[in-house]
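Each remark here refers to the structure printed beneath this line.
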Protein chains: 2
Amino acid sequence: MDRPRLKDVAERAGVSLKTASNVVNDFPHVSDATRQRVQEAIDALGYRPNVSARNLARGRTGIIALAVPRLDMPYVAEMARYVIEAADAHSWIVLVEQTAGRPEWQNGAVLDDLFRRIDGLIYSPGLAGESSLEQVAADTPIVLLGENLYDERFDHVSIDNVAAARTATEHLVAVGKRRIAAVGVRRERQSGTTRERLTGYRQALRAAGLPVEPKLVRPAGSFRGEEGERAAEALLRLPKPPDGIFCFTDWVALGVLRALHNHGVRVPEDIAVVGFDDIPYGRVATPSITTIAPDKREIARIAVDLLAQRLSARGRPSPRSTLVDFDLVVRESTSGRTVDPGGTARRPRH
Amino acid sequence: MDRPRLKDVAERAGVSLKTASNVVNDFPHVSDATRQRVQEAIDALGYRPNVSARNLARGRTGIIALAVPRLDMPYVAEMARYVIEAADAHSWIVLVEQTAGRPEWQNGAVLDDLFRRIDGLIYSPGLAGESSLEQVAADTPIVLLGENLYDERFDHVSIDNVAAARTATEHLVAVGKRRIAAVGVRRERQSGTTRERLTGYRQALRAAGLPVEPKLVRPAGSFRGEEGERAAEALLRLPKPPDGIFCFTDWVALGVLRALHNHGVRVPEDIAVVGFDDIPYGRVATPSITTIAPDKREIARIAVDLLAQRLSARGRPSPRSTLVDFDLVVRESTSGRTVDPGGTARRPRH
DNA sequence: GCACAGCGTTACAGCGCTGTACGCTGCGGC
DNA sequence: GCCGCAGCGTACAGCGCTGTAACGCTGTGC
């Protein structure tokens with residue numbers, strides 16, 4: 001037996017095609033009695049809408065793109081996971097675009113191509129350079145994740161990086177550290193996220209009456225482990241090395257831990273380490289990493305909802321920026337003790 | 001200006017709709033002259049096919065599903081990355097389905113739903129229990145990744161797990177280890193992959209003239225770090241602990257390293273460790289993990305190609321099983337030295 | 001009692017493309 | 001010189017659904 005079409009449902013229920021369609025889509029102007037009759041026909045036949053046909057008729061594609069640097073970065077994979085789940089609730093399929101090392105993403109034509117195939121874009125610039133989104137965003141909604149390049153021109157979701165960095169640094173102060181380094185600023189470009197985290201770091205130091213020493217602020221622009229390793233080596237060579245390190249990502253923190261281990265430095269006794277992102281590896285690292293854990297599921301949900309709203313909205317609402325919760329998760333790299341991996345110390349926002 | 005339709009191309013080139021279509025699809029029965037004229041019209045107008053319309057007309061969905069336990073497992077994320085890239089070459093979009101903790105995946109109705117929306121499925125059972133694929137696979141092609149449940153009923157791509165496990169174990173022998181443990185067999189179910197790796201492990205021991213001691217074979221069924229930790233603890237409590245540990249996944253190896261570290265065991269001097277999968281973290285772990293690195297990109301490519309072949313094939317070809325290359329990547333957990341992360345020691349197959 | 005409002009429903013015309021069946025042209029063979 | 005056969009190209013009918021406009025019917029207000 002062939003798959004039932006809407007026509008079959010309509011015939012069985014004794015109504016027109018369009019009425020059956022209205023029931024399927026939960027549209028108004030259908031009496032309860034009719035609605036129920038159609039619903040019974042749907043159930044009896046096991047009818048499911050044909051997505052291609054619907055998309056064609058509606059002028060939609062049923063696809064949203066998630067543009068990320070690369071899917072095999074743990075933070076990104078986790079975000080992708082949640083975006084997929086959230087998109088599913090809107091019957092959207094997620095086209096994951098990996099932008100790292102693809103200069104064509106700077107190319108208007110390629111972007112234009114992409115935009116013809118999607119209903120919306122969730123763009124997580126990450127380390128990628130700026131691409132020319134405004135050229136193509138004519139009528140396709142875009143939501144930015146994390147960094148807010150394009151100052152306020154698009155919808156935007158992130159955590160409060162300043163507050164999070166402050167929280168992380170305060171925690172190092174709270175466990176008794178006085179010379180606290182920051183690793184992860186970008187050399188080449190003063191990116192938004194990096195600058196914000198640096199600001200939070202400075203705020204916390206000042207609030208604690210500690211000096212801000214430029215020598216304790218090290219770059220690790222690509223956010224890779226190797227860079228963290230190098231930064232930590234440099235810090236250890238200082239006449240007065242730090243006793244705490246705030247890393248702008250967990251990935252960098254892993255590299256820092258490697259270097260500290262290689263030099264026989266005890267963590268957290270000699271130097272305590274805090275990371276950022278709460279990637280899965282931070283939990284099994286040796287020692288496990290205290291970190292800032294953004295509410296990734298919530299970020300994804302809001303991002304997808306913003307797309308949906310913009311798509312159903314008349315006209316062009318002005319861009320909205322949303323801040324999402326984060327947690328400080330205390331683990332061995334600052335406490336020395338094995339802690340419940342989900343353990344939460346603070347929830348400063350929202 | 002509206003987006004050009006195929007009709008516009010046809011008119012501009014002075015040919016029929018179908019001829020234009022034939023050019024777009026690179027179909028036969030078009031003279032070179034006509035083809036060129038149409039192509040010029042396409043370029044001039046910047047025409048791109050409307051995917052929804054094409055799919056509707058062709059009876060395809062343009063979507064293949066990749067079913068994995070969870071996307072935020074590093075091995076899985078990497079595979080997803082490559083599957084997406086490979087699918088792109090066939091103009092497919094990848095719908096990532098996360099099966100972990102979703103009992104509805106055992107439910108025929110839900111699967112049936114999924115199968116109506118996709119052209120094919122790449123299924124990586126991972127830790128998930130068996131689901132009832134054969135019920136729904138009526139006409140949708142399926143490729144299995146890794147484990148070959150459903151003995152030979154579907155196309156299948158994996159590495160030679162026996163050979164890989166043998167290689168890993170031989171390496172431990174080669175660096176002078178004599179009491180080699182295996183961590184990662186599944187308790188509950190004798191899964192294919194686990195059994196194969198165990199077989200390879202035993203083969204290597206026998207070939208080296210070493211005894212196979214049941215006490216040195218420890219379960220870590222969920223493949224999680226915590227289980228590796230527990231398994232390592234148990235091994236250390238033995239009257240005669242091992243001097244080498246072969247872990248069935250890198251994730252487990254990370255847990256093992258944690259436990260060894262906590263007990264002051266030197267790696268690799270006291271105990272050398274080999275993992276499996278070559279996840280990104282293995283490279284930054286302390287010490288970095290020697291591992292079996294499957295050619296994931298190739299696995300993905302073949303899987304997608306198998307789907308494509310089956311889709312264009314007449315009738316139902318009998319299932320094919322493909323073995324893909326792997327490498328042994330030697331790192332600190334067996335060599336003690338920092339090694340070029342891409343370093344390759346052996347390539348035993350193909 | 002009649003007009004009219006408004007709800008529930010219907011008919012119809014596409015959305016943009018592809019597969020099928022067929023028609024046309026020009027060439028070579030008998 | 002006619003027929004047959006490739007080789008190209010075309011017309012047409014959908015694929016399955018949704019938006020629009022218009023319809024008929026019931027109930028309300030004066």
Side-chain angles (χ1 to χ4, degrees), chain A residues 1-39 41-42 45-63 91 113 116-119 139 311-312 314, chain B residues 1-39 41-42 45-63 91 113 116-119 139 311-312 314:
Chain A
M1 181 180 95
D2 260 6
R3 288 173 182 172
R5 288 156 306 160
L6 192 54
K7 189 183 158 208
D8 303 322
V9 171
E11 278 170 6
R12 187 183 173 107
V15 298
S16 78
L17 207 54
K18 183 57 172 131
T19 297
S21 168
N22 284 337
V23 172
V24 169
N25 291 289
D26 210 24
F27 284 169
H29 301 312
V30 181
S31 69
D32 285 350
T34 315
R35 196 175 288 276
Q36 189 181 337
R37 225 168 54 246
V38 173
Q39 189 58 55
I42 290 173
L45 296 172
Y47 169 79
R48 300 288 150 197
N50 177 310
V51 182
S52 300
R54 168 178 291 174
N55 287 335
L56 177 59
R58 286 218 253 241
R60 295 270 172 88
T61 67
I63 297 165
S91 310
D113 243 46
R116 292 188 189 196
R117 330 175 104 250
I118 61 177
D119 294 338
D139 23 48
L311 220 50
S312 58
R314 296 252 153 267
Chain B
M1 182 181 97
D2 260 5
R3 286 170 183 176
R5 288 156 304 159
L6 191 54
K7 190 183 157 207
D8 304 321
V9 172
E11 279 169 6
R12 185 182 176 109
V15 298
S16 79
L17 207 54
K18 185 58 171 113
T19 296
S21 168
N22 284 338
V23 173
V24 170
N25 291 288
D26 211 25
F27 284 169
H29 300 311
V30 181
S31 70
D32 286 349
T34 315
R35 196 175 287 277
Q36 189 181 336
R37 227 169 52 246
V38 173
Q39 188 59 54
I42 290 174
L45 296 172
Y47 169 78
R48 302 285 151 198
N50 177 310
V51 182
S52 300
R54 168 178 289 174
N55 288 335
L56 177 59
R58 284 217 251 239
R60 296 272 172 89
T61 66
I63 297 165
S91 311
D113 243 47
R116 293 188 188 197
R117 330 174 105 250
I118 61 176
D119 293 339
D139 23 47
L311 221 49
S312 59
R314 295 254 154 267

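Not measured: the values here are computed from a predicted model. So you know, we letter chains A, B, ... as the sequences are listed, proteins then strands, and number each from 1.
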For B/V9 and B/A20, which heavy atoms make the closest approach, and how far apart are they? CG1-CB, 4.4 Å
Ignoring the backbone of B/T19, work out which of D/dG9, D/dC17, C/dC17 is nearest its side chain. D/dG9
Gap between atoms CZ and P, on A/R54 and D/dG16 respectively (whole Å): 14 Å
OP1 or OP2 of C/dT9 versus the side-chain N and O atoms of A/N22: is any pair under 4.0 Å? no
Between A/I118 and A/I63, is any pair of side-chain heavy atoms under 4.5 Å apart? yes
With nearest nucleotide decided by heavy atoms, which residue, B/S52 or B/F27, maps closer to the 5′ end of DNA chain C? B/S52
Choosing from D/dC17, C/dT9, D/dG9, which nucleotide comes nearest the side chain of B/S31? D/dG9
Among the nucleotides C/dC17, C/dT10, D/dG16, whichever has the atom closest to the side chain of A/V15 is C/dT10
Quickly work out the B/D32 CG to D/dG9 P distance and round it to whole Å. 10 Å
Rounded to whole Å, CG of B/L6 lies from P of D/dC12 at a distance of 17 Å
B/R117 atom CZ: more than 12 heavy-atom contacts under 6.0 Å: no
Map B/L56 and A/V24 onto DNA chain D by nearest heavy atom, then report which one ends up closer to the 5' terminus. B/L56
Atom pair distance, as rounded to whole Å: NZ in B/K18 and P in C/dT18: 7 Å
Measure from the side-chain heavy atoms of A/R58 and tell me the nearest of C/dT18, D/dC17, D/dG19. D/dG19
When the distance from CG of A/D8 to C1' of D/dG16 is rounded to whole Å, what number comes out? 11 Å
Just to be sure I understand the rule, does A/N55 reach a base, reach only the sugar-phosphate, or reach nothing, if contact means heavy atoms closer than 4.0 Å? nothing
Quick one: which of D/dT18, C/dC17, C/dT9 gets closest to the side chain of B/Y47? C/dC17
Taking the minimum atom-to-atom distance to the side chain of A/S16, which one of C/dG19, C/dA11, C/dG16 wins? C/dA11
From D/dG9, D/dC17, C/dC17, nucleotide with atom closest to B/T34 side chain: D/dG9
Rounded to whole angstrom units, what separation is found between the NZ atom of A/K7 and the C1' atom of C/dT10? 16 Å
Atom CZ of B/R37 to atom C1' of D/dC8: distance rounded to whole Å? 12 Å
Close side-chain approach of A/V24 and A/I42, heavy atoms under 4.5 Å: yes
Write down the distance between CG (B/L17) and C1' (D/dG14), rounded to a whole number of angstrom. 13 Å
Does the side chain of B/R35 come within less than 4.5 Å of B/D26's, by heavy atoms? yes
Is there a side-chain polar atom (N or O) of A/S21 under 4.0 Å from OP1 or OP2 of D/dT18? yes
